Number of protein chains: 2
Amino acid sequence: MPKVVDHRVRRTELADAVMRLAAREGLSLISLRYVAAEAGVSMGLVQHYFGTKDEMFSFAIQVVRERVEQRLADRSAQLGAEPQPRQAAEALLRELLPLDDRRWLEGHVGLAYAAYSAVRPDLSAPLREQTRQLREFLTVQIRATRGERDGMLPSADVAATTLVSLVEGLSMHVLTGHLSASEAVAAFEAQLAVAFGAAPEAVPAKKGQR
Amino acid sequence: MPKVVDHRVRRTELADAVMRLAAREGLSLISLRYVAAEAGVSMGLVQHYFGTKDEMFSFAIQVVRERVEQRLADRSAQLGAEPQPRQAAEALLRELLPLDDRRWLEGHVGLAYAAYSAVRPDLSAPLREQTRQLREFLTVQIRATRGERDGMLPSADVAATTLVSLVEGLSMHVLTGHLSASEAVAAFEAQLAVAFGAAPEAVPAKKGQR
DNA sequence: CAAGTCACAATGCAAATGCACGGTAAAGAC
DNA sequence: GTCTTTACCGTGCATTTGCATTGTGACTTG
């Protein structure tokens, strides 16, 4: 074997270029040459590591998914062994909102891919599994918190579904400029209180405009 | 003037072809020739009515927006002059969920355009205004319903923001196959009850799987 | 009927696209 | 040393792209 090159590393570098372009200019005008230019390499190299454009795209979306998963795992570990259910749920979901540059970029990529994979369902299968797990986790956390009485509150799995979908919708509205980050956070926090039936703890109602 | 042709009509026919393609195959591979073929016309005709591809796209998104607005207006009129606030809110928001073929198609187009316009903010400005109005309307409805005591409920505008974003997120998850329509409806209904602080009215918890 | 205007068709074209392919150099195997 | 494998480059190519341009027939107006 000649020059030792870790394929995964190189491919990930290229996937990074893809993501930058997807976030900055949109998925549509991503070409092999454009990716090569963005990554600062030759086009032959891109071809060397990805036989086809679709393969490159699939890999890139997989990288995004793994990163999100990693971030969630990190955040989870950071909470310790026996975190309070509500704190855990809040931490994980908040991690999905586009509240800083990195997550804003990832959100854009995610949005682009959501539209893309709405047409190519094969690509969205792993992502689907990921959100399913998240929903399941939330259901458990919610159930653990309010075992006693869940009066007229929605059932735990409905509450979990609502939280996940709400975060998705809020993210989308932030990314498209329909909402400011602080508005999104306010709505999210309020919903968290609803789902866990927890203390109102004086929602500050700080509403920064755009 | 020779042959009388209503430009708006022809352009809308073409926009319909664009929307069908966007929903079926995605925005990315829409070409002028492809649109022409889908509409069953020559490519010269497409060029005749749209000077440029971007112009065609802008027009198509505008049509989608106007249709949604029209549907909301119709639904609103259908409710009579003095509808109950909660009924009105439910009807309008439910109109936005992809619960039948037509709205499923429109949802796909909307998702594609959301991703597209996340990169071209100029196109998303009118759409932004539209959701702003919807949010405002909901705020009024919510405030009207629970004037008396709004104990630990989130403030009316936060509740409105939450509803709109939730519907958006639920739609997205339905369109990408993460949720079934009935799951989405269940979550939506539950949230409506939260926002309006209304009767639990026995959420049937019917959860059809995908 | 002459003239002008407009709807639409057909072709052309430069640019960009994804990909195939051959070449080169370097690093290990022997 | 030779040989083989691999990383990477460069070019070529058929296809597709958006758009310009020119042509043609139908219709209205004078």
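Each chain gets a letter, A, B and so on, in the order the sequences are listed, and its residues count up from 1. Keep in mind the model is a prediction, meaning the values are calculated, not measured.
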Chemist: Tell me the interatomic distance from A/Ile30, atom CD1, to C/dG18, atom P, rounded to whole angstroms.
Modeler: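 These atoms are roughly 10 Å apart.
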
Chemist: Taking A/Ser165 for the side chain and A/Thr162 for the main chain, is one N or O donor matched with an acceptor at less than 3.5 Å?
Modeler: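 No, the answer is negative, given that no donor and acceptor are paired below the 3.5 Å cut-off.
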
Chemist: Does CZ in B/Arg24 sit with more than 12 non-hydrogen atoms of other residues, nucleotides or ligands closer than 6.0 Å?
Modeler: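 Atom CZ in B/Arg24 is crowded, with more than 12 foreign heavy atoms closer than 6.0 Å.
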
Chemist: Side chain of A/Ser42: nearest nucleotide among C/dA9, D/dG10, D/dC19?
Modeler: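 Of all the options, the side chain of A/Ser42 is nearest to D/dG10.
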
Chemist: In whole Å, what is the span from the CG atom of A/Leu32 to the C1' atom of D/dC9?
Modeler: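 Distance check: A/Leu32 CG to D/dC9 C1' gives 15 Å.
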
Chemist: With under 30° as parallel and over 60° as perpendicular, where do the rings of B/His7 and B/Tyr49 fit, or are they tilted in between?
Modeler: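 Taking B/Tyr49 first and then B/His7, their aromatic rings stand perpendicular (interplane angle over 60°).
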
Chemist: Name the orientation class of the two ring planes belonging to B/His178 and B/His173 (parallel below 30°, tilted from 30 to 60°, perpendicular beyond 60°).
Modeler: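 Plane angle under 30°, so parallel.
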
Chemist: On the nucleotide D/dA7, are OP1 or OP2 found under 4.0 Å from the side-chain N or O atoms that A/His48 carries?
Modeler: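 Looking at the OP1 and OP2 atoms of D/dA7, one of them is under 4.0 Å from a side-chain N or O of A/His48.
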
Chemist: Heavy atoms only, 4.0 Å cut-off, all strands: where does A/Leu29 land among base, sugar-phosphate and nothing?
Modeler: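 Result for A/Leu29 = nothing.
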
Chemist: Treating A/Ser124 as the side-chain partner and A/Arg120 as the backbone partner, does any N or O pair qualify as donor plus acceptor under 3.5 Å?
Modeler: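 Checking the backbone N and O of A/Arg120 against the side chain of A/Ser124, no donor-acceptor pair under 3.5 Å is found.
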
Chemist: Quick one: B/Met43 CE to C/dA7 P, roughly how many Å, whole number?
Modeler: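 That distance rounds to 18 Å.
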
Chemist: What is the separation between atom OH on B/Tyr34 and atom C1' on D/dT15, rounded to the nearest whole Å?
Modeler: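 Atom-to-atom, B/Tyr34 to D/dT15, this comes out as 16 Å.
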
Chemist: In whole angstrom, what separates A/Leu45's CG from C/dA26's P?
Modeler: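 Taking CG of A/Leu45 and P of C/dA26, I get 17 Å after rounding.
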
Chemist: Please give, in whole Å, the distance from D/dT6 C1' to A/Gln47 CD?
Modeler: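 Rounded to the whole Å, the gap is 16 Å.
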
Chemist: Does the side chain of B/His7 get closer than 4.0 angstrom to OP1 or OP2 of C/dC6 through an N or O atom?
Modeler: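 For B/His7, the contact criterion (side-chain N or O under 4.0 Å from OP1 or OP2 of C/dC6) is not met.
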
Chemist: Report yes if at least one side-chain N or O of B/Ser31 is closer than 4.0 Å to OP1 or OP2 of D/dT17; otherwise report no.
Modeler: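 For D/dT17, OP1/OP2 do have a side-chain N/O of B/Ser31 under 4.0 Å.
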
Chemist: Is the shortest side-chain N/O distance from A/Arg10 to OP1 or OP2 of D/dC8 below 4.0 Å?
Modeler: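 Affirmative; the distance criterion is met.
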
Chemist: Taking for each residue the nucleotide of DNA chain C bearing the nearest heavy atom, is the 5' side occupied by B/Gly44 or by A/Thr52?
Modeler: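 Whichever sits nearer the 5' end wins; that is B/Gly44.
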
Chemist: Go nucleotide by nucleotide along DNA chain D from the 5' end; which of A/Tyr49 and A/Arg33 gets its closest nucleotide reached first?
Modeler: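 Going by which nucleotide is closer to the 5' end, it is A/Tyr49.
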
Chemist: Rounded to whole Å, how long is the line connecting atom CG of B/Asp6 with atom C1' of C/dA7?
Modeler: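 Atom-to-atom, B/Asp6 to C/dA7, this comes out as 14 Å.
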
Chemist: Using atom NZ of B/Lys53 as one end and atom P of D/dT17 as the other, report the distance to the nearest whole Å.
Modeler: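 Those two atoms, NZ and P, are 8 Å apart.
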
